[in-house]
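Accompanying notes for the structure given below.
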Amino acid sequence: MIFDKIKLSLKQSEDNLNYNRYIKNLKLNQNKSNSKTLFIEAPNIYIATYLKRYYTKKIANLYQRETEISPTIYFTTPTTPINTKINYEESIKKDISNSTASLIPEFTFDSFVEGPSNLFAYNTAKAVVKSPGTLYNPMFIYGGVGLGKTHLLQAIGNALKNSLNITYVTSEQFMNDFTYNLRNKTIDEFHKKYRQCDLLIIDDIQFFADRTKTQEEFFHTFNELIAHKKQVCVTADRHPKEILGIDKRITTRFEQGIITEIQRPELNTKIAIIKKKCELNKITLPEDVIMFIATSLNNSIREIEGMITKTHAMASMIGAKIDLDFTKEIFKDQIENKEIDLDTIIKLISKEFNLKPSEIIAKSRKPAIVLAKRTGIFLARELTKQSTTQIAKFFGLKDHSAVSHAIKAFNKKIKEDKEFKSKIEELKSKTKNATSE
């Protein structure tokens with residue numbers, strides 16, 4: 001079926017979060033659709049509106065590629081189409097009370113991979129589920145894009161949706177709701193939804209910046225909920241003090257609860273995430289492919305998920321075996337080959353081995369310094385464009401032959417010691433990511 005092919009194409013090109021949130025549950029209304037007009041049904045008005053804005057052209061292009069017909073596309077909801085302004089207004093009114101429609105069932109605590117980079121946030125979220133509205137209220141999670149903040153919010157919502165009255169929205173949905181009700185003089189409906197819930201979850205609250213009226217409304221909503229011991233959970237891409245354009249009264253309220261950060265995952269956590277995603281999606285990847293994916297990109301979990309999906313999809317489409325060469329070929333244009341310099345490497349090595357850069361460069365036979373120097377030489381040869389002569393000069397060696405000798409000895413240790421090999425792979429990953437910080 002053509003629409004199934006379109007969804008598969010979008011699954012390959014979109015990150016996993018966007019696919020699950022906006023694409024996965026779309027249905028083609030075959031009774032209304034024909035060869036030139038597509039009526040695509042979304043679960044609710046928010047998703048339908050988002051799709052209309054950002055996916056109409058993408059889907060039309062994919063449909064035209066399959067049929068050579070440029071279609072007219074309407075996104076609808078189970079209640080009514082939104083192809084006109086009047087219908088859009090009616091749909092919002094009908095769907096505005098559906099507060100958990102954006103929860104993705106797959107985003108649970110069981111499918112979340114915890115590690116040192118996210119353990120505190122993970123345990124805090126689980127504690128909220130056990131006792132909402134008490135100990136950790138409000139809960140504020142911050143961190144970079146694609147690190148799992150939304151997953152944890154969704155996990156809280158999914159764990160409590162059958163026992164509590166939950167309102168889960170993005171910051172954009174909160175603003176849209178507020179604007180709609182203010183314009184239509186139905187602010188009581190807005191208050192009913194947001195101030196009478198047991199749990200309010202808002203994702204990406206940094207987008208409230210400079211929205212004075214929205215912030216004022218949120219401030220009073222927040223105070224009302226906290227006063228009645230109702231739980232509030234929010235996320236942002238940075239610490240509340242670092243969000244410019246947010247009223248200080250609001251950031252002060254956040255600081256009265258618990259603020260927890262999700263950091264970039266270390267190598268072992270990334271490997272565990274890849275294996276978990278493969279298990280959930282019934283995908284089998286060789287160990288060297290898993291290691292390649294874990295060390296090739298920055299630490300965004302969404303990017304990792306995208307690599308897994310694309311590798312599996314491409315192999316299935318052409319009937320190829322997934323191995324390291326195949327995976328490298330797929331992503332040769334996607335993986336960033338950022339310039340890494342020797343200063344970056346020496347700084348990282350000195351931190352990892354608790355040595356001064358001058359100690360690593362100096363002549364010494366102390367085992368710890370020898371190992372640190374050889375590690376630096378290995379990374380320099382692997383990750384930079386420097387010649388062996390340039391590397392020798394930088395690390396205080398006699399000539400290029402000393403570099404070759406050091407690398408030979410280092411490769412021998414990697415081959416014999418799997419734990420050491422894993423540590424070096426993690427160092428390679430840290431070095432690559434250091435160039436983007």
Side-chain angles (χ1 to χ4, degrees), residues 43-47 49 77-79 88-105 107 124-125 127-141 150 152-205 207-208 211-236 240 246-247 249-254 256-258:
N44 59 65
I45 187 63
Y46 304 113
I47 292 177
T49 305
T77 70
T79 53
Y88 172 78
E89 298 285 319
E90 291 174 354
S91 295
I92 278 192
K93 193 170 183 179
K94 290 180 180 180
D95 287 351
I96 206 163
S97 61
N98 191 0
S99 305
T100 60
S102 295
L103 288 176
I104 300 169
F107 282 8
T124 302
V128 165
V129 170
K130 288 182 180 179
S131 187
T134 56
L135 185 60
Y136 299 133
N137 197 22
M139 184 188 75
F140 188 106
I141 303 177
T150 296
L152 280 182
L153 286 193
Q154 294 261 344
I156 293 170
N158 280 316
L160 294 172
K161 66 183 179 182
N162 294 325
S163 58
L164 296 182
N165 176 17
I166 298 173
T167 296
Y168 176 99
V169 291
T170 64
S171 57
E172 182 182 18
Q173 288 168 353
F174 183 93
M175 289 186 284
N176 287 342
D177 277 4
F178 175 59
T179 301
Y180 168 81
N181 283 285
L182 195 63
R183 185 173 64 243
N184 289 278
K185 298 180 181 180
T186 54
I187 201 68
D188 287 345
E189 290 296 316
F190 180 88
H191 290 162
K192 182 179 179 181
K193 175 179 178 178
Y194 286 96
R195 298 189 184 185
Q196 294 182 18
C197 61
D198 302 311
L199 169 60
L200 174 62
I201 305 175
I202 303 182
D203 209 355
D204 287 328
I205 207 163
F207 294 116
F208 281 179
R211 302 272 187 160
T212 305
K213 290 184 178 179
T214 298
Q215 288 185 44
E216 184 72 21
E217 183 60 39
F218 173 74
F219 177 75
H220 293 300
T221 296
F222 179 95
N223 287 341
E224 181 78 11
L225 291 171
I226 297 296
H228 289 86
K229 298 189 183 302
K230 305 300 183 181
Q231 182 70 45
V232 178
C233 301
V234 299
T235 69
I246 293 287
D247 193 315
R249 294 179 304 168
I250 295 176
T251 58
T252 301
R253 293 295 192 277
F254 290 148
Q256 291 174 358
I258 189 164

Report task. For L152 and A125, work out which heavy atoms get closest and say how close. Result -> CD2-CB, 4.3 Å
**Report entry** Residue pair C233 / L153: nearest heavy atoms and the distance that separates them
**Finding:** CB-CD2, 3.9 Å
Side chain of [X], backbone of [Y]: donor and acceptor closer than 3.5 Å?
X	Y	result
N165	Q196	yes
S163	L160	yes
N158	F107	yes
Q231	Y136	yes

Query - Test log, rule side chain to side chain contact (heavy atoms under 4.5 Å, CB included), inputs V234 and S171 - result: CA-CA 9 Å; V234 299; S171 57; over 6 Å; no
Report task. For side chain to side chain contact (heavy atoms under 4.5 Å, CB included), just list the numbers for I156 and L199, CA-CA rounded to whole Å, side-chain angles, deciding distance to a tenth of an Å, and then say yes or no. Result -> CA-CA 10 Å; I156 293 170; L199 169 60; 3.9 Å; yes
Report task. Kindly write out the residues that satisfy side chain to side chain contact (heavy atoms under 4.5 Å, CB included) with F222, not counting sequence neighbours, or none if the list is empty. Result -> P138, F218, I226, V232, R253, F254
Requested in this report: List in chain and number order the residues that pass side chain to side chain contact (heavy atoms under 4.5 Å, CB included) with T251, two or more places apart in sequence or in another chain; answer none if no residue qualifies.
Outcome: P240, I246, K248
Set of residues satisfying salt bridge (charged side-chain N to carboxylate O under 4.0 Å, His left out) with respect to [X], sequence neighbours excluded:
X	value
E172	R53
D198	K230
R211	none

Query raised in the report: Which is it for I202 and T170 under the side chain to side chain contact (heavy atoms under 4.5 Å, CB included) test, yes or no, and what are the steps along the way?
Result: CA-CA 5 Å; I202 303 182; T170 64; over 6 Å; no
Query - With sequence neighbours excluded, residues passing ring-ring contact (aromatic ring centres under 6.0 Å, His included) with F190 - result: F174, F178, Y194
Query - R195: which of T167, N223, T221 passes side-chain hydrogen bond (donor to acceptor under 3.5 Å, both in side chains) - result: T221
